[in-house]
Amino acid sequence: MAYWLFKSEPDAFSIDDLAARAAAGEPWDGVRNYQARNMLRDQMRIGDSVFFYHSNCRVPGVVGLAEVSSPAYPDATAFDPAAHYFDPKSDPENPRWYLVEIRYLRHLTRTIALTELKDHADGPLADMPLIRRGNRLSVMPVTAQQWAFILGLE
DNA sequence: GCCAACGTTGGC
DNA sequence: GCCAACGTTGGC
């Protein structure tokens with residue numbers, strides 16, 4: 001079972017929004033980056049663990065836990081001209097973009113801020129893309145060691 | 001709001 | 001296939 005981190009802008013979709021979906025989960029549509037797409041499509045499995053991360057906000061950081069709750073399937077918003085993430089080059093016969101659904105598990109008892117994670121940039125979190133400058137991946141892998149360490153900060 | 005860093009696009 | 005221009009991300 002693998003571990004992941006999903007970024008979301010809380011103004012657009014927050015951990016509270018995910019919690020409101022409850023068991024129904026949320027289709028994580030709109031990912032339009034090939035590296036992220038490959039992880040969604042090829043590597044994620046039902047039951048994988050997810051750190052839910054708030055980006056582009058006052059205190060960026062890990063705010064909750066979720067899990068992958070569906071297999072990967074084509075992101076239909078890419079086929080919809082009215083959708084914000086419409087991509088005319090994604091052919092329904094050969095979809096370019098995929099998604100998984102994620103399901104809320106719980107809030108962390110406190111936000112584990114990016115600044116705090118960076119305190120360990122020379123230690124357990126040295127290889128985490130998240131804390132590297134200029135990182136723009138919206139979905140990224142987390143190692144078992146990183147997962148345990150970050151949860152241990154809670 | 002600024003701006004550095006990055007991925008993508010498209011001309012050549 | 002190179003690479004400059006562009007749009008976007010996201011911390012600060």
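Letters A, B, ... mirror the listed sequences (proteins, then strands); counts begin at 1. It should be emphasised that the depicted structure is a prediction, and the values quoted were computed from it without experimental measurement.
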* Structure fact -> Here the residues of residues 109-122 of chain A within 4.0 Å heavy-atom distance, strictly under, of DNA chain C are A:Leu114, A:Lys118

* A:Asp87 and A:Arg96 ion-paired at < 4.0 Å -> yes

* Where do A:Val100 and A:Phe6 come nearest, in terms of heavy atoms and distance? -> CG2-CZ, 4.1 Å

* Check: A:Thr111/A:Arg58 side-chain N/O donor and acceptor closer than 3.5 Å -> no

* Asked: Short question: side chain of A:Asp75, backbone of A:Gly30 - any donor-acceptor pair under 3.5 Å?
  -> yes

* Structure fact -> residues 114-137 of chain A vs ring-ring contact (aromatic ring centres under 6.0 Å, His included), sequence neighbours excluded, gives A:His120-A:Phe149

* To do: Report yes or no: do A:Glu26 and A:Tyr104 form a side-chain donor-acceptor pair below 3.5 Å?
  => no

* To do: Sugar-phosphate means primed atoms, P, OP1 and OP2; the rest is base. With that split, encode nucleotides 2-9 of chain C 5' to 3' as B, S or - using protein heavy atoms under 4.0 Å.
  => -----BBS

* Asked: Are the ring centres of A:Phe51 and A:Trp147 closer than 6.0 Å?
  -> yes

* Looking at A:Tyr85, A:Trp28, A:Tyr34, which one forms a ring-ring contact (aromatic ring centres under 6.0 Å, His included) with A:Trp97? -> A:Tyr34

* Asked: Does A:Arg96 or A:Gly134 map to a spot on DNA chain B nearer the 5' end, using the closest nucleotide for each?
  -> A:Gly134

